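Encoded as structure tokens, the structure appears first; notes follow it.
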Amino acid sequence: MAAGSVRPHLLLLLGVCFYQLSQVCGDEGEFSPGHSASSLPVGSAASERRYLLYDVNPPEGFNLRRDVYIRVASLLKTLLKSSNWVLVLPPWGRLYHWQSPDIHQIRIPWAEFFDLDSLYQNIPVIEYEDFLAESGGPFIEQVYVLQGYAEGWKEGTWEEKVDQRPCIDQLMYSEDKNAYYRGWFWGYEETRGLNVTCLSVQGSASIMAPVLLKNTTARSIMLDRAENLLHDYYGGKDYWDTRRSMVFAKHLRVVGDEFRANVLHSTDEADRTIFHEDWTKVKAKPDAAIGGPYLSVHLRRKDFIWGHREDIPSLQRAADEIHSLMKKLQLKKVFVATDADREDLETLRKLIPEMVRFEPTWEELELYKDGGVAIIDQWICAHARYFIGTSVSTFSFRIHEEREILSFNPKTTYNRFCGDKEKNCEQPTHWKIVY
Ligand SMILES: Nc1nc2c(ncn2[C@@H]2O[C@H](COP(=O)(O)OP(=O)(O)O)[C@@H](O)[C@H]2O)c(=O)[nH]1
Ligand SMILES: *[C@@H]1O[C@H](CO)[C@@H](O)[C@H](O)[C@H]1NC(C)=O
Ligand SMILES: *[C@@H]1O[C@H](CO)[C@@H](O)[C@H](O)[C@H]1NC(C)=O
Ligand SMILES: [Mg+2]
């Protein structure tokens, strides 16, 4: 089963090209696979393991990427049943939505956003820089570019399959004069692929396992366009184990908690949202969390309003809903997370004078980056008495999950704004944790 957030989201992106792959060409010929390897400690414990790397279609945002991590983690678990593998975490960077000027937002390690020890309790992972040090240089032996089937799906029949096929789209890699492949390797310009091949796939992540185990002996394999793989089992135990392991980095949680305490009078003890360092020992008790004395809102704007989607509210409609919820829930404060532009923000401030936002100073923004600020917003939203989000936004979906992990009553979580003229305003699906 591969339902959930994936398909509607991809549909929204159809026909939209946010960005053009820029030329990425460093100096050629400084490294070759041979000489870097000699500098490695021989016979280290890591020498036997194989490396799985992946990347996602460039226009996809942070929160769909978090979903793709879950799919690839399933594949890694399948591979581990047969041999020794480690997942190389794809550095963050160059995301379309990370538009704050003058900050360095490329080659960002996962540790800036997530707690690596927590990830490691689910599957073996290493940062890309560790891969470079450990594997003997900036070479990826095999790059598989995943794509669909040129002929599409045959009607009425769904079969899982993967086949080596000619590339359908123009390849985003080009051969240099040493016959190495150059391309976008997370901003590491010296990284090269030794072989790039297109594979047509239709199915869940683990259908890649036999190919990786049997069809190639490459020790480092990158799956590009990994979002073409579906979930092994969306919403199952494996899904939730991986999701629960994606604990936010401590420094971001601390900032969010301080904001909650100082501005929103929200503390874990009073709100019954106690955080435990070890996610494997946490089990949600239905309705146990109360949440802080505020309403939280995720109002997605930008590309969500450009398409004039009928499921996105006007600011007036959103403000009316917010006021009516505050009255009903007897809450005096509303925390608003949004990607609204300055003009929309001014309008919002007029419509909702009591609005509270997390507004980082320039220094904080430089430190946490756009990704970290988004996580702080999500963390604060996750701890509110009641949350309402935006239709088919993966940013909102990740907040739902965070609240599910924290034991909130689903009625306080799976809510979304309705469009002004939307007739059938279906509310988000409740995905219950499986332990
Ligand atoms: N700080 C902050 N950033 C946001 C907010 N909403 C959207 N963004 C930014 O816009 C991106 C939205 O892309 P994505 O994560 O793919 O979520 P989706 O497009 O809503 O499904 C986020 O990753 C953030 O960078 C918000 O409420 N607060
Ligand atoms: C993998 O190898 C098998 C057996 O040789 C072959 O039938 C299959 O087409 C290969 N698959 C891919 C994706 O290369
Ligand atoms: C590249 O990899 C593919 C798939 O494993 C293989 O069929 C092909 O022969 C390789 N090309 C080279 C030049 O090694
Ligand atoms: Mg997006």
Side-chain angles (χ1 to χ4, degrees), residues 4-13 16 18-19 56-69 92-100 105 108 113 140-145 162-167 173 175 179-181 193-199 211-212 214-218 221-222 227 252 255-256 296-307 309 311-312 318 335-341 344-345 348 355 357-360 364-365 368-382 387-400 416 428:
S5 61
V6 185
R7 289 202 192 129
H9 185 80
L10 287 176
L11 283 177
L12 300 176
L13 287 162
V16 183
F18 289 124
Y19 116 134
V56 175
N57 195 18
E60 294 294 357
F62 187 61
N63 291 288
L64 184 91
R65 286 164 190 269
R66 289 172 63 187
D67 185 81
V68 174
Y69 172 82
W92 297 99
R94 210 172 67 164
L95 295 198
Y96 164 75
H97 296 93
W98 294 357
Q99 292 168 344
S100 294
Q105 307 210 55
I108 305 173
F113 298 143
I140 298 172
E141 286 182 38
Q142 177 72 60
V143 176
Y144 288 126
V145 180
V162 46
D163 294 285
Q164 191 171 327
R165 289 287 176 90
C167 303
Y173 298 86
E175 253 180 293
Y180 297 137
Y181 287 87
L194 301 191
N195 181 333
V196 177
T197 303
C198 288
L199 297 180
V211 179
L212 304 189
K214 294 188 189 128
N215 291 57
T216 173
T217 55
I221 302 171
M222 170 178 175
E227 77 284 357
L252 301 175
V255 174
S296 70
V297 165
H298 176 229
L299 256 185
R300 183 75 161 80
R301 307 300 289 174
K302 293 232 167 90
D303 40 311
F304 274 39
I305 48 174
W306 299 337
R309 282 166 45 182
D311 56 341
I312 305 300
F335 177 80
V336 177
T338 183
D339 60 340
D341 61 19
D344 271 3
L345 277 177
L348 268 180
M355 167 170 88
R357 291 184 60 241
F358 176 76
E359 289 166 298
E364 286 173 316
L365 185 56
Y368 311 136
K369 310 198 169 59
D370 285 316
V373 171
I375 285 173
I376 294 166
D377 268 347
Q378 288 182 314
W379 187 249
I380 299 168
C381 281
F387 171 72
I388 179 166
T390 299
S391 179
V392 288
S393 161
T394 56
F395 188 107
S396 291
F397 291 157
R398 300 291 89 84
I399 295 171
H400 296 162
R416 72 154 174 104

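When reading the values below, keep in mind they use all heavy atoms of this one structure, side chains included, and skip hydrogens, waters and symmetry mates. These figures come from a predicted structure and were not determined experimentally. Heads up: numbering here begins at 1 and tracks the sequence. For ligands, and for the atoms within them, numbers begin at 1 and follow the listed sequence.
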**Prompt:** So, D370 side chain and Q99 main chain: donor-acceptor pair closer than 3.5 Å or not?
**Reply:** yes
**Message:** Quick check for you: to the nearest 0.5 Å, what is the distance between D67 atom CG and R65 atom CZ?
**Reply:** 12.0 Å
**Asked** Can you check whether Q142's main-chain N or O pairs, donor with acceptor, with N195's side chain at less than 3.5 Å?
**Response** no
**Asked** Do R300 side-chain atoms and I305 backbone N/O form a donor-acceptor pair below 3.5 Å?
**Response** no
**Complete:** To the nearest 0.5 Å, atom OG of S393 lies from atom CZ of R398 at 9.0 Å
**Message:** For the backbone of F335 and the side chain of S296, can you confirm whether one donor and one acceptor N or O come within less than 3.5 Å of each other?
**Reply:** no
**Request:** Could you tell me whether N63 approaches ligand 1 through its side chain, its backbone, both or neither, with non-hydrogen atoms closer than 4.0 Å?
**Result:** both
**Request:** May I ask you to list the atoms of ligand 1 that are less than 4.0 angstrom from any heavy atom of W98?
**Result:** 25 (O)
**Prompt:** What part of H298, side chain from CB on, backbone N/CA/C/O, both or neither, has a heavy atom under 4.0 Å from ligand 1?
**Reply:** side chain
**Asked** Taking C-beta and beyond as the side chain, do I108 and W98 meet within less than 4.5 Å on heavy atoms?
**Response** yes
**Item:** N or O contact, T394 vs ligand 1, cut-off under 3.5 Å
**Value:** yes
**Prompt:** Within the distance-only criterion (no hydrogens, no angle test), does the side chain of E227 pair as donor or acceptor with the backbone N or O of V68 below 3.5 angstrom?
**Reply:** no
**Message:** I'd like to know whether ligand 1 has F304 as a neighbour, heavy-atom separation below 4.0 Å.
**Reply:** yes
**Item:** Protein residues that have a heavy atom under 4.0 Å from any atom of ligand 3, sorted by chain and number
**Value:** Q142, Y144, Q164, N195, T197
**Asked** Does D370 come within less than 4.0 Å of ligand 1, judged by its heavy atoms?
**Response** no
**Request:** List the steps, then state whether ring pair (Phe, Tyr, Trp, His ring centres under 6.0 Å) holds for W379 with Y368.
**Result:** CA-CA 14 Å; W379 187 249; Y368 311 136; over 10 Å; no
**Message:** If you measure every N or O of S393 against every N or O of ligand 1, does any of those distances drop under 3.5 Å?
**Reply:** yes
